[in-house]
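Input: a single structure, listed below in structure tokens.
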Protein chains: 2
Amino acid sequence: MSYRAPVKDMLFVMKALAGIDHVASLPGYEDAGLDTAAAVLEECAKFNEGVVAPLNWEGDRNPSFFKDGQVTTTPGFKEAFRQFAEGGWQGLQHPADFGGQGLPKLIHAACSEMVNSANMSFALCPLLTDGAIEALLTAGTPEQQATYIPKMIDGSWTGSMNLTEPQAGSDLSAVRTRAEPQPDGSYKIFGTKIYITYGEHDMAENIVHLVLARVVGAPEGVKGISLFICPKFLVNADGSLGARNDVHCVSIEHKLGIKASPTAVLQYGDHGGATGFLVGQENRGLEYMFIMMNAARYGVGVQGIALAERAYQKAVGYARDRVQSRPVDGSLPKAGAILHHPDVRRMLMTMRAHTEGCRAMALVGAAAFDAAHAHPDAEARQQNQAFYEFLVPLIKGLSTEMSLQVASLGVQVHGGMGFIEETGAAQYLRDAKILAIYEGTTAIQANDLVGRKTARDGGAVARAIAGQIEATEGALKARPSAACQAMAKRLGAARRAFEDVVAFVAGQTKASPNAVFAGSVPYLMMAGTTIAGWQMARALMAAEDELASPQADTDTAFLQAKIATARFYGDHILNKVPAERDSIVEGADAVTALALESF
Amino acid sequence: MSYRAPVKDMLFVMKALAGIDHVASLPGYEDAGLDTAAAVLEECAKFNEGVVAPLNWEGDRNPSFFKDGQVTTTPGFKEAFRQFAEGGWQGLQHPADFGGQGLPKLIHAACSEMVNSANMSFALCPLLTDGAIEALLTAGTPEQQATYIPKMIDGSWTGSMNLTEPQAGSDLSAVRTRAEPQPDGSYKIFGTKIYITYGEHDMAENIVHLVLARVVGAPEGVKGISLFICPKFLVNADGSLGARNDVHCVSIEHKLGIKASPTAVLQYGDHGGATGFLVGQENRGLEYMFIMMNAARYGVGVQGIALAERAYQKAVGYARDRVQSRPVDGSLPKAGAILHHPDVRRMLMTMRAHTEGCRAMALVGAAAFDAAHAHPDAEARQQNQAFYEFLVPLIKGLSTEMSLQVASLGVQVHGGMGFIEETGAAQYLRDAKILAIYEGTTAIQANDLVGRKTARDGGAVARAIAGQIEATEGALKARPSAACQAMAKRLGAARRAFEDVVAFVAGQTKASPNAVFAGSVPYLMMAGTTIAGWQMARALMAAEDELASPQADTDTAFLQAKIATARFYGDHILNKVPAERDSIVEGADAVTALALESF
């Protein structure tokens with residue numbers, strides 16, 4: 001089997017770190033406790049391991065292709081997607097009113113990790129459909145919701161997000177796609193959208209494109225952008241499919257990775273105008289899109305974790321099988337599996353620790369999202385929302401950047417074999433590179449962290465998090481184990497560095513924007529590492545607690561592994577945080593000293 | 001033009017850091033001063049920019065292919081290789097007696113960077129041929145040298161290195177290829193060799209395979225390995241080509257990168273035995289191969305620098321052209337080129353600083369090699385040799401690992417465009433990944449650094465280097481500039497961390513091998529970063545000196561860029577060294593704590 005879902009690890013995080021018992025105490029989530037999670041995750045694991053994962057390599061070898069306006073996906077994708085929808089996976093987190101399961105994000109996030117580990121190119125279709133559903137839930141009319149959402153949940157139709165244009169990538173204020181109001185209340189859409197994931201494919205009957213466009217006469221910049229539904233086939237009043245809309249795929253991209261996922265160039269309105277329907281109010285499109293993007297950014301962070309997990313599993317498998325050289329400590333009489341070599345273990349521990357750290361951060365974030373939506377107390381909702389929003393750029397930015405490093409280490413563990421495509425390790429490296437780019441590059445995440453998440457509130461939320469971390473340090477220090485003592489030292493140093501940087505960012509963003517933004521990505525990386533490390537510290541204590549009071553089902557080896565991995569995170573990853581503080585606070589001048597013409 | 005050779009940067013390093021005047025004072029290199037270097041580099045730049053570089057992308061799109069035992073290389077490669085050899089580039093560093101130019105390694109290294117920047121897949125053919133020439137110069141008989149070397153220098157024939165077998169990768173003691181002595185003094189060779197770069201191709205009339213094999217009855221392990229010449233076509237007494245030898249390419253690999261470079265599986269002796277000729281003495285093959293491998297490892301380090309330079313140039317070009325978003329400091333009234341954005345500048349500075357730091361280290365190492373070979377004083381030769389040998393694993397390990405990071409940043413600067421293969425940035429990322437694997441993975445380089453280069457002499461050479469660095473710190477501190485003061489602080493902290501790690505490695509390798517080898521790669525990275533940073537500090541002072549006493553041809557902007565780049569290296573790269581010390585000295589337990597069965 002090429003992938004085994006880490007169900008036990010996920011349940012450990014849900015229980016010990018993310019507080020699934022608390023989530024299950026929230027109104028609407030009463031049935032979403034640990035037992036439900038375990039049952040859902042087991043089922044999800046079975047489906048993804050058995051049906052989706054085997055198509056991953058095939059998708060790379062035999063990617064989606066374009067001919068005469070049509071995209072044909074990899075053999076097996078269409079059938080797997082039907083099974084995915086029939087199994088209820090598309091509707092997992094969506095309201096029961098529209099055919100969904102209404103489960104919390106905490107459970108959905110774990111399931112999303114699995115499908116992405118199994119096959120990231122495949123998983124992009126449901127990910128984008130989730131985004132379209134959320135946009136309509138946020139801003140669609142009841143009629144729009146009733147028309148489109150149930151069909152997307154049952155897998156008959158899928159969704160796509162149409163933001164980028166050739167001149168408008170990170171900068172959406174440059175969007176030029178034009179919407180002309182029609183007498184019947186609809187709009188005619190004209191323009192070119194690029195990089196549209198699953199913008200054209202053969203896995204569903206219809207595609208619900210959500211499109212950013214500018215109504216004729218709207219203000220310039222981001223304040224003049226509106227959001228439209230522009231389905232591939234128009235929908236009749238009875239819900240059946242009507243005429244083909246004037247939106248056409250003119251090509252798909254030839255990409256470094258995620259080759260099975262078609263990345264379309266869509267041409268709107270070349271034959272008289274594509275019919276679009278306004279979502280919400282005119283000129284508020286970017287606002288709605290941001291809601292959808294925040295969900296998508298979180299989802300891309302989970303993709304990073306998913307990819308890292310799969311790369312780790314593959315590397316471990318190779319390290320167990322490949323025999324080469326006698327161990328340096330002479331512990332074997334002859335050559336042994338390379339898993340015995342300290343540097344291979346260092347690489348695998350690095351991969352494992354990064355993956356577990358980001359997973360813990362992401363699931364803790366998901367639980368905060370659930371509380372932000374379902375908690376009966378307004379202040380608790382607000383606090384959880386603020387915490388979640390602070391985490392989103394970290395989850396997206398750190399998990400994706402680390403996934404690239406992890407996938408590269410995965411190739412490295414394979415040695416020469418890793419460079420041979422048939423081995424499969426290289427695919428993860430190629431696939432990973434998109435994660436730090438789409439749904440906002442790491443720099444765009446860092447802008448969000450600096451601007452909206454730190455400077456805007458003067459660092460209040462960041463400082464509150466630092467306070468929680470400090471409390472964890474206190475708990476660590478009170479424990480006698482060497483692991484806790486070491487972790488207390490590393491976490492304390494990281495947290496103090498984080499506080500220094502927050503003070504710098506909060507204090508200087510307005511006065512010295514170049515200095516702050518020169519360190520924005522390092523800030524994101526060090527903040528994310530600190531918070532992920534904090535979760536690893538909590539995991540360490542939880543594992544110690546369970547080992548101290550073992551139950552009948554206590555798995556000693558599993559808990560000892562949690563302790564060992566946390567210790568590694570502290571000594572090899574978290575300990576790199578303080579130097580980032582220096583680069584950010586003392587090193588900004590060095591970033592901008594070189595004259596532009598000297599590059 | 002897709003590549004511009006950084007001639008000015010190379011000459012600056014040669015003059016200010018590597019001491020080309022001193023090299024030109026060595027016997028045999030009297031003509032190899034700065035003027036010669038400048039002339040050679042200009043010519044080399046013209047050839048590689050004009051002829052070799054345009055074939056790079058074509059090689060990726062239209063790679064070497066295999067059919068019926070034959071390999072056809074990318075259109076244009078054969079003709080470019082002929083021009084390469086005719087231009088004298090293959091013989092640049094080889095003795096005039098065999099048709100070479102007899103130039104020092106210092107000049108050859110710079111020329112090698114250029115051809116690798118221009119087209120790494122292409123450059124591998126001369127790189128391997130250089131290795132074969134050096135092996136024959138080291139251990140071949142005068143007849144063997146006369147038969148093979150002139151033909152390799154004039155480009156009629158090329159060379160290949162045949163080490164790896166399916167079960168023998170990093171561990172050459174597992175080589176099984178068999179050599180049976182024949183009555184005429186030759187041997188019959190039987191076995192399978194894999195990963196043979198340019199092991200079959202159509203760019204030359206003959207291929208001189210140098211093959212590791214075990215003479216029947218030889219001792220087990222590395223002490224029973226001999227080196228053989230096994231040409232594709234046997235050579236008649238008059239030097240003309242004779243019968244086809246029984247070595248055949250059975251397939252080439254489908255790889256992540258360097259696709260134009262054919263990576264062959266070679267089958268020896270399936271039709272009665274391939275005729276081979278012993279090089280040097282029986283059972284000393286690994287020793288000879290190591291001489292060749294050290295040269296090849298240095299060469300691969302240069303490939304890393306070359307790739308990083310090309311990726312940097314491409315990213316800068318894009319950052320100048322791509323318009324997106326208004327600068328955060330409001331310095332432009334509307335959206336500007338992304339080169340204005342601080343994070344883009346941070347990425348480009350990171351790429352530039354890594355490239356310049358490794359180039360300086362590599363060229364300083366090349367000058368030491370030249371002194372080790374040509375200095376009239378035996379003690380000076382020995383000291384230079386020890387310094388060079390210490391640097392080789394750092395040049396190979398650090399330059400290749402950094403090239404991967406630089407190539408990844410290069411893609412990142414391009415945003416979504418970077419993920420599209422036609423853009424070309426992704427090719428550098430795919431190509432770079434092999435560099436940290438072939439000619440000994442980074443872990444193998446680190447083993448060399450720990451075992452042969454540090455533990456064996458109790459850290460004496462390493463400490464001598466630290467002493468030289470400390471002297472540079474003193475010189476920095478004596479200068480008033482903020483750049484020198486900042487650099488003195490960073491360099492001092494790094495040097496002290498380096499000394500701590502050297503003491504740990506020298507003291508513990510025997511007693512606690514697992515603990516030391518758990519930190520071997522981090523040791524390599526931090527040692528390399530410290531020494532590259534030291535060279536950047538020297539560059540900073542040299543630039544200040546020239547600015548203080550300007551000559552007629554002083555290029556102020558160029559020198560200011562040197563200062564800015566050095567400052568960046570200190571504040572953003574060198575400052576990460578001390579944390580590595582902690583991971584190595586305090587973190588070894590965390591690497592090996594996880595039970596093997598818990599991975």
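A note on names: the letters A, B, ... follow the listed sequences, proteins ahead of strands, and every chain is numbered from 1. These numbers come from the heavy atoms of this one structure, side chains and all, not from hydrogens, waters or symmetry mates.
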**Report entry** Audit row: Glu422(A), His254(B), side-chain contact (heavy atoms from CB on, under 4.5 Å) steps and yes/no
**Finding:** CA-CA 7 Å; Glu422(A) 285 74 7; His254(B) 171 222; 3.1 Å; yes

Query - Evaluation steps, side-chain hydrogen bond (donor to acceptor under 3.5 Å, both in side chains), between Asp582(B) and Asn575(A) - result: CA-CA 8 Å; Asp582(B) 287 9; Asn575(A) 75 319; 5.1 Å; no

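With a 4.5 angstrom heavy-atom cutoff, Thr442(B) touches chain A via backbone and side-chain atoms both. There is no contact between Thr423(B) and chain A, counting heavy-atom distances below 4.5 Å. Residue Arg352(B) touches chain A through its side chain alone, counting heavy-atom pairs closer than 4.5 Å. Residue Leu172(B) does not touch chain A at all, counting heavy-atom pairs closer than 4.5 Å. Contact annotation for Gln167(B): only backbone heavy atoms (N, CA, C, O) come within less than 4.5 Å of a heavy atom of chain A. Residue contact with chain A, scored on non-hydrogen atoms closer than 4.5 Å, involves the backbone and the side chain of Val328(B) alike. Heavy atoms of Ser173(A) lying under 4.5 Å from chain B are absent altogether. Contact of Thr592(B) with chain A is made through backbone and side chain together, with heavy-atom distances under 4.5 Å. Contact of Ala561(B) with chain A is made through backbone and side chain together, with heavy-atom distances under 4.5 Å. If you measure heavy-atom distances from Arg322(B) to chain A, the contacts under 4.5 Å come from the side chain alone. There is no contact between Ala174(A) and chain B, counting heavy-atom distances below 4.5 Å. With a 4.5 angstrom heavy-atom cutoff, Ile258(B) touches chain A via backbone and side-chain atoms both. For Met417(B), the parts lying under 4.5 angstrom from a heavy atom of chain A are both the backbone and the side chain. Neither the backbone nor the side chain of Gln405(B) comes within less than 4.5 Å of any heavy atom in chain A. Neither the backbone nor the side chain of Arg581(B) comes within contact range of chain A; no heavy atom of the residue lies under 4.5 Å from a heavy atom of that chain. For a residue to count as touching a neighbouring chain, one of its non-hydrogen atoms must lie under 4.5 Å from one of that chain's; by this rule Tyr312(B) touches chain A with the side chain only. Neither the backbone nor the side chain of Tyr438(A) comes within contact range of chain B, judged by heavy atoms closer than 4.5 Å.
Nearest heavy atoms, Ala557(B) versus Ser598(A): O-OG, 4.1 Å.
With Asp571(A) contributing its side chain and Gly587(B) its backbone, the two residues share no donor-acceptor pair below 3.5 Å.
Ion pairing between Glu586(B) and Lys489(A) holds under the 4.0 Å rule for side-chain N and carboxylate O.
The residue among His341(B), Arg567(B), Glu580(B) with the most heavy atom pairs within less than 4.5 Å of chain A is Glu580(B).
The line from CG of Asp343(B) to OG1 of Thr441(A) is 7.5 Å long, rounded to the nearest 0.5 Å.
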